[in-house]
Protein chains: 2
Amino acid sequence: MLSKKTKYGIKALAYIARKKDRNPVQASEISESENISQKFLESIMLELRKSGFLGSKKGKGGGYYLIKEPQEIKMTAVIRVLEGPIAMVPCVSLNYYEKCDDCPDENTCSVHKLMIQVRDASLNVLGENTLEDIAITQ
Amino acid sequence: MLSKKTKYGIKALAYIARKKDRNPVQASEISESENISQKFLESIMLELRKSGFLGSKKGKGGGYYLIKEPQEIKMTAVIRVLEGPIAMVPCVSLNYYEKCDDCPDENTCSVHKLMIQVRDASLNVLGENTLEDIAITQ
DNA sequence: TATAATCCTATCGGTTTACTAGGTTTTAAG
DNA sequence: CTTAAAACCTAGTAAACCGATAGGATTATA
């Protein structure tokens with residue numbers, strides 16, 4: 001299950017991407033428009049800034065803006081930063097690999113083989129979708 | 001992320017499916033062979049029995065056995081029973097649908113559209129794999 | 001100087017997870 | 001008939017995680 005953090009983060013990025021002008025967007029505006037708790041959203045925006053998706057401007061008239069173009073931001077990258085691994089089991093994760101405690105041999109593990117297929121299917125979808133793709137209205 | 005419960009449950013089913021004879025298999029045997037806490041496994045086996053995947057025989061020489069043939073058990077069914085929804089967001093779940101609190105309109109929600117694609121990709125993999133497919137050794 | 005915004009740290013109640021404990025009941029074998 | 005082995009059942013629990021909230025500190029603009 002996707003956490004609310006990730007869900008809100010994606011919505012916020014999409015909201016910013018949808019704006020034609022590239023002026024900074026306030027968290028308060030997004031929070032209102034997308035029905036997200038403002039304080040919670042603030043922490044998410046901070047994380048998106050620290051991980052290089054957003055830039056920010058403090059003070060009056062400040063806000064957040066995209067650092068890269070929407071079509072350059074793959075959804076895999078966004079989800080990995082906010083949610084963590086895309087794989088359903090650490091032992092098939094490309095970016096967050098961890099060995100299982102049980103399981104002496106991954107190559108003969110039935111779960112392992114299945115989850116590699118699921119991972120690849122998900123990676124395929126998330127890698128082909130950019131922020132531009134999902135930000136489209138209608 | 002897949003819970004240990006689901007992971008162990010799949011491993012147990014695969015273990016039973018791998019046996020040629022159809023004699024009941026004890027939880028203790030699976031627990032030892034697959035490195036799963038026995039008591040925890042017991043509760044999982046119980047759930048798999050109550051949901052119609054396994055039959056059981058009490059007393060000495062008892063154990064668990066498959067009710068259907070391995071090739072008739074889709075992994076979608078197993079995961080839905082043990083883990084719950086396959087979708088990453090309730091609002092795109094086929095079997096566990098729930099509306100989002102935020103989100104006035106699903107049709108214009110960027111997360112929604114993306115997660116439908118991910119769901120379909122996962123369903124595709126999990127629906128095409130049966131217990132027989134994943135139980136194969138080597 | 002006032003205001004509006006981000007930034008930061010801490011906390012907290014609730015839920016879920018992965019077990020563990022301690023039995024009861026049923027069955028087969030001796 | 002007794003004993004052991006198995007499933008069955010209920011309860012509890014420590015730890016982690018989640019979704020937020022609180023309360024300010026900092027910075028920039030007008």
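Here is how names work: the chains are called A, B, and so on, in the same order as the sequence lines, proteins then strands, and each is numbered from 1.
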Which part of the nucleic acid does B/K7 contact within heavy-atom distance under 4.0 Å: base, sugar-phosphate only, or nothing?
nothing

Listed once per pair and sorted, the side chain to side chain donor-acceptor pair (under 3.5 Å) pairs that draw on residues 33-55 of chain B, sequence neighbours left out
B/K5-B/E47

Other residues, nucleotides and ligands only: do more than 12 of their heavy atoms fall within 6.0 Å of CD on A/E72?
yes

Residue whose nearest DNA chain D nucleotide is more 5′ - A/S37 or B/G62:
B/G62

Below 4.0 Å: OP1/OP2 of C/dT6 and any side-chain N or O of A/R49:
no

Would you say the side-chain atoms of A/K7 pair up with the backbone N or O of B/V89, donor to acceptor, closer than 3.5 Å?
no

Close N/O contacts between protein and nucleotides 21-25 of chain C (under 3.5 Å):
unit_1	atom_1	unit_2	atom_2	d
C/dG22	O6	B/K39	NZ	2.2
C/dG23	O6	B/K39	NZ	3.3

With a 3.5 Å distance limit and no angle check, can you tell me whether A/R80 reaches the backbone of A/N95 through a side-chain donor-acceptor pair?
no

Counting heavy atoms from C-beta on, name the nucleotide in D/dA30, C/dC19, C/dC8 closest to the side chain of A/K60.
D/dA30

For A/Q71, does the CD atom have more than 12 heavy-atom neighbours from other residues, nucleotides or ligands under 6.0 Å away?
yes

Compare the minimum distances between each of D/dA20, C/dC8, D/dT29 and the side chain of A/F40, then state the nucleotide with the smallest one.
D/dA20

Would you mind reading off the distance between A/I44 atom CD1 and C/dT6 atom C1', rounded to a whole angstrom?
15 Å

B/Y64 side chain near D/dA6 phosphate (N/O to OP1/OP2, under 4.0 Å):
no

